[in-house]
Amino acid sequence: MVEERAERYDFKEIEERWRDFWGERGFFRAPTSDIEKKFYYLNMFPYPSGSLHVGHGRNYIIGDVVTRFYLMRGYNILNPMGWDAFGLPAENAAIERGIHPRDWTLDNIANAKEQFRAWGIEYDWDREITTCLPDYYKWTQWLFLKLYEHGLAYKKKATVNYCPTCDTVLANEQVVGGVCERCGTPPEQKTLEQWFFKITDYADRLLDDLKTLDGWPENVKKMQENWIGRSVGAEVTFHTQDGEEIVVFTTRPDTLWGATFMVLAPEHPLVDRLTTPEQRADVDAYRAQAAKQTAVERTSTEREKTGVFTGGYAINPVNGREIPVWIADYVLMTYGTGAIMAVPAHDERDFAFAIKFGLPIIPVIARTDGRTKSYIPAGSADDAVEEALREAKFHFEKKEDGLYLTMDADRADEYAKIVQKHLKLGSWTETAGGRWLFIFHDELIEFDSVEADCAIMEHCHALDDKSRKYRTVMEMMSSFPFYADVLFHAEHGKIINSGDFSGTPGEQATEKVISWLEKTGKGKAAINFRLHDWLISRQRYWGAPIPIVYCEKCGIVPVPEKDLPVELPDVEFIGKMGLADIPGYAETTCPICGGPARRDTDTMDTFVDSSWYYLRYISAKNDEVPFVVEDVNNWLPVDQYVGGVEHAILHLLYSRFITKALQDMGYVNFSEPFKRLFTQGMVCHMAYRCPEHGWLFPSEVKDGKCPHCGRELEISNFSMSKSKKNVVAPAEIIDAYGADTERLYTLFMGPPDRDIEWSEEGVRGAFRFVNRVWTLVVTNAERVAAAPTEEFDPTALDDAGRSLWRRYQRTLKKVTEDIEGRFNFNTAISAIMELVNEAYRYVDDGGDDGLVRAVIEGLILILSPFTPFVCEEMWRRIGHEDAVLDQAWPEFSETAIVEEQVEIPVQINGKVRARVTVPMEIASDAQALSEYVLANEAVSHKLDGKKVVKAIAIPGKMVSLVVR
RNA sequence: GCCAGAGUGGCGGAAUUGGCAGACGCGCGGGACUCAAAAUCCCGUGGCCCUCGGGUCGUGUGGGUUCGACUCCCACCUCUGGCACCA
């Protein structure tokens, strides 16, 4: 098709030509005051670490595509960028290199900006923010003061997680899986005076408002929901024998009558007073041991329960029963009240604990399935029992060692009567699960209370010496595997064995008990959260100083707003240090009395910096206020927020909290900062690991073997990271194929919310496509430039032309909808590829100049968000002098997409047996379509004379025939 | 253990509302161009069977609903992520 060789695609030259063009033309500068058709697109701002790899690029490339798309659609789109620049990695890197973290950070920022430039990713750089610079952290400190003013920042002595490696305390959220999120060290427990933000005040709203976030991924909302961990239940007050109160939180007040013991956290303040002299040594030893344990050890579910008896007793307020008080490390001081009532019959943990320590277990909630089991040991009943049971229609399994029965609870009493008649002297059996009866030769005892437990055990001990090793009925039954699945359940069901409340149906149980508790003053409805207040003090240098002064006379004094920022002292960076290590920093005067005072020497958690940055972009340069209220209210909430799912809890929860707090203070008029959220997947790549020499660069690997020892390597896919040596540098790709190719491939390789694997072959495929487009355009450039510009009539075209025109319209629709709605850039690109394939065939055969012009111009425009450099170049090559971004996004017409005829598959008895080409006007009518198809020769041939029982025609789609 | 999400050719993935499974791309096979190679272009490409018309199986497994199921329902398996002694 190409007579003379087409001009080569010189991506280096092209990209160099346009690299600064868009920025210079100011396309990406958004006016703050103009709020018509606004769209606030935001990428989570990066932490400026070493260098960006192609995986990082994904996030920003997506943003750039969306921004360019909305620009062409006439929106005022704001897409700003900044730097989350405070934090430990900068300090650690600075220590390693012997430089100041500020220099390291600012260097990285400069590099990253250069990287964005190479990628063709444009921002409104006039709004750049850098959290480690005083013009930003001044306002982070302002935020702290506002929270303090409104009682949302407070200082308290608390047991906190302290990471010995990072030399600082950690927020609850920064302890992941029991270890420090950053370095993997199990944190130590320390008691320190620290600053907290009162996020728990907002727990309910943070949870409830998740329902309003329709544009958020379900999994992120679920993660936040779990994190907040709202539990509804009651607080019940128990008293010790000495009259001391022990308040417990429970989600199951309906099980109160089954509370046969209590457990306190080892750290619980009452433990000392409860402990009797005889138990003192055991208790002290246990507490010392518990204190030493790391969180990981202590919270392992696998672990067997441990604990000791305090010697003290409490009174169960519902039945006046005396119950022992134990301490155990499975009860956490940090949740609820640090004390629980143990209901072993209906709580798995309490059950395990009670079995281990021989504490009584009394069922107080009926099984909903009524499943009841019984075992009659061989020789314990006479031979007639089998016949009698069979006659009464009880099903059982006979094994060598006895009869195994499973029945419904309703028939347990009938069963007991039958069996009792046949029991031999000195034997017994029992029913367990739906009904609890102990059947002795001379007596039937219902297992419904601690007294019954004792009476039954007494009986058994008298009859069988072997039963003496069991302390409780449940312990005895649990030794027998057949019963294992009926001894314990945690379902809601009818209350039993609970005095006047017995018989209360499951649905009403909790509610009824709570109102009774409230009436009698024994307890009240209560809600508990897993969420804790946010600990924000950090004992490190590289953060925003907490703007607080301590005066001997005036106490805690906030630094007046006019004195902000409290600047980080500009000292030589000498390694791991906090502000407390800097001589003179703390010394100051009290803003109130002028007397000597000391500054707080902690800095704020970096998540404070990032919890409000999306507001600052609106007024990035304003030095009077953190943000202009009207402008922020106009621009926010963010229309589309995009970032990694790793921030699902920390950053997003904190930002939502700060927004709500600012709303309550009257600074913003919205309650959620991010209307829509998209979490992009990670980019993975092969990583090679030698069992002896660790991670290897792909370039070092020879035939899958280690270059040092020749050993077979472990090859697996991991998200790109420096430590695994599997990162691909953008420069490698840009040098070899250009930034357009990298952008296109990154978007084409898969749906953006999923993890994807980077492949060199895939990059070449994208490069090939860009080349194909280039060749198509430059070989037709003169023709397009010379073609008539007026509208042409698509109906006047030949078949191939009309087909291409429809394809073009269909592509416009698909690309528009894929970018706007689903973020499915991969399918948008494949549609453009199909268009290019068809366009090639068309121009090969000559074709209509007007159509070629329309298609090529449109092609360049819809491809331009993906590959902006080459599109800008091609746009000029076909005779334009203005820029792509000056053009409107092409509109499509639904009517132009409609095909003239369609191939309708015909199903006969559910299988496609024929295809019939049907004119559209017939295919769009169900009746006409089925008649047309039935009249078709190929179809009637397939019918083979059989009778059509039913014909279902779906207009434009298919026909389904049922024949007999 | 609990809660999400996923499972489709050799590979990445598509099928947007229950309507032609495998679009598009990679890889592979064949061909053209070339002294040759690379690049590029064209053709083919789920498995099995075939008389070359087609037939048949096929979307993790087993059931079900339906004229029709990758899609909906039930049960299960595997993988990924989050939480995990949270009372």
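In what follows, every chain begins at residue 1, and chains take the letters A, B, ... in the order their sequences are listed.
Pair check for B:rU17 finds none; no Watson-Crick or G-U wobble contact set falls under 3.5 Å. Across all strands shown, B:rG31 is found opposite B:rC41 as a Watson-Crick or G-U wobble partner, with both distances under 3.5 Å. Of all nucleotides present, only B:rG1 satisfies the Watson-Crick or G-U wobble test against B:rC83, with each distance under 3.5 Å. Nucleotide B:rA6 is matched to B:rU78 when pairs are restricted to Watson-Crick or G-U wobble geometry with both distances under 3.5 angstrom. The nucleotide B:rU56 finds its pairing partner in B:rG47, both defining distances of the Watson-Crick or G-U wobble pair being shorter than 3.5 Å. Nucleotide B:rG25: paired with B:rC11 (Watson-Crick or G-U wobble, both distances less than 3.5 Å). B:rC72: Watson-Crick or G-U partner is B:rG64, with both key distances under 3.5 Å.
For A:E218 and B:rA6, the CD to C1' distance is 16 Å, given to the nearest whole Å. In this structure, A:H647 places its NE2 atom 15 Å from C1' of B:rG82, rounding to the nearest Å. The nearest whole Å value for the distance from the CZ atom in A:F238 to the C1' atom in B:rA87 is 12 Å. In this structure, the CD1 atom of A:I908 is 10 Å from the P atom of B:rG55, given to the nearest Å. Between A:F678 atom CZ and B:rG5 atom C1' there is a gap of 14 Å when expressed in whole angstrom units. Rounded to whole Å, the distance from CE on A:M958 to C1' on B:rU66 is 13 Å. Taking atom CG on A:N771 and atom C1' on B:rC41, their separation rounds to 13 Å, with Å as the unit. As rounded to whole Å, 12 Å separates atom P of B:rG13 from atom CG of A:N824.
One finds the CD1 atom of A:I649 at 12.0 Å from the CD atom of A:E225 (value rounded to the nearest 0.5 Å). Rounding to the nearest 0.5 angstrom, the gap separating the CE atom in A:M833 from the OG1 atom in A:T811 is 12.5 Å.
Not one side-chain nitrogen or oxygen of A:R841 sits closer than 4.0 Å to the OP1 or OP2 atom of B:rC41. Neither OP1 nor OP2 of B:rC3 sits under 4.0 Å from any side-chain N or O of A:K222.
When every heavy atom of A:M341 is checked against every heavy atom of A:L256, the shortest pair comes out as SD-CD2, 3.5 Å.
Separation of the P atoms belonging to B:rU17 and B:rU71 is 14 Å when rounded to the nearest angstrom. Going from the P atom of B:rG82 to that of B:rU40 covers 41 Å, rounded to whole Å.
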Quick one: side chains of residues 825-832 of chain A, donor-acceptor pairs under 3.5 Å with protein atoms, not counting sequence neighbours, listed by atom name and distance.
unit_1 : atom_1 : unit_2 : atom_2 : d
A:T827 : OG1    : A:D818 : OD2    : 2.7
A:T827 : OG1    : A:N824 : O      : 3.0
A:S830 : OG     : A:T827 : O      : 3.0

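Among the protein residues, A:E903 comes within range of the nucleic acid bases, having at least one heavy atom under 4.0 Å from a base atom. When heavy atoms are screened at a 4.0 angstrom cut-off, A:P217 is found touching no nucleic acid atom at all. Among the atoms of the strands shown, none is found under 4.0 Å from any heavy atom of A:R8.
Nearest to the side chain of A:K305, among B:rG19, B:rC85, B:rA87, sits B:rC85. Of the candidate nucleotides B:rC67, B:rA14, B:rC85, B:rC67 has the atom lying nearest to any side-chain atom of A:K950.
By the neighbour-count criterion of 12 heavy atoms within 6.0 Å, atom NZ of A:K221 is densely surrounded, having more than that number from other residues, nucleotides or ligands.
Projected onto RNA chain B by closest heavy-atom contact, A:T250 and A:N219 fall at different nucleotides, the more 5' of which corresponds to A:N219. Nearer the 5' end of RNA chain B, as judged by each residue's closest nucleotide, is the contact made by A:R822, out of A:R822 and A:L961.
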Report task. Using a 4.0 Å cut-off on protein heavy atoms (strictly under), produce a 5'-to-3' string for nucleotides 21-28 of chain B with B for base contact, S for backbone-only sugar-phosphate contact, and - for none. Result -> --BBSSS-
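Taking the six-membered ring where tryptophan is involved, the planes of A:F353 and A:W326 are perpendicular, since the angle between them exceeds 60° and thus also 30°. By the 30° and 60° cut-offs, the orientation of the rings of A:H651 relative to A:H647 is perpendicular.
For the residue pair A:S803/A:Y842, the side-chain donor-acceptor check at 3.5 Å is not satisfied. Side-chain N/O atoms of A:R530 and A:N226 include no donor and acceptor closer than 3.5 Å.
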**Report entry** side chain to side chain contact (heavy atoms under 4.5 Å, CB included) assessment of A:L653 paired with A:R656
**Finding:** CA-CA 5 Å; A:L653 193 67; A:R656 296 181 58 223; 4.1 Å; yes
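Annotated as anti: B:rG27, whose O4'-C1'-N torsion sits more than 90° from 0. Anti is the glycosidic conformation of B:rG54, whose angle departs from 0 by more than 90°.
Of the residues A:W774, A:Y745, A:Y737, the one that meets the ring-ring contact (aromatic ring centres under 6.0 Å, His included) test with A:F767 is A:Y737.
The stretch residues 336-346 of chain A touches RNA chain B through A:I340, each having a heavy atom under 4.0 angstrom from the strand.
No side-chain heavy atom of A:D740 sits under 4.5 Å from any side-chain heavy atom of A:F11.
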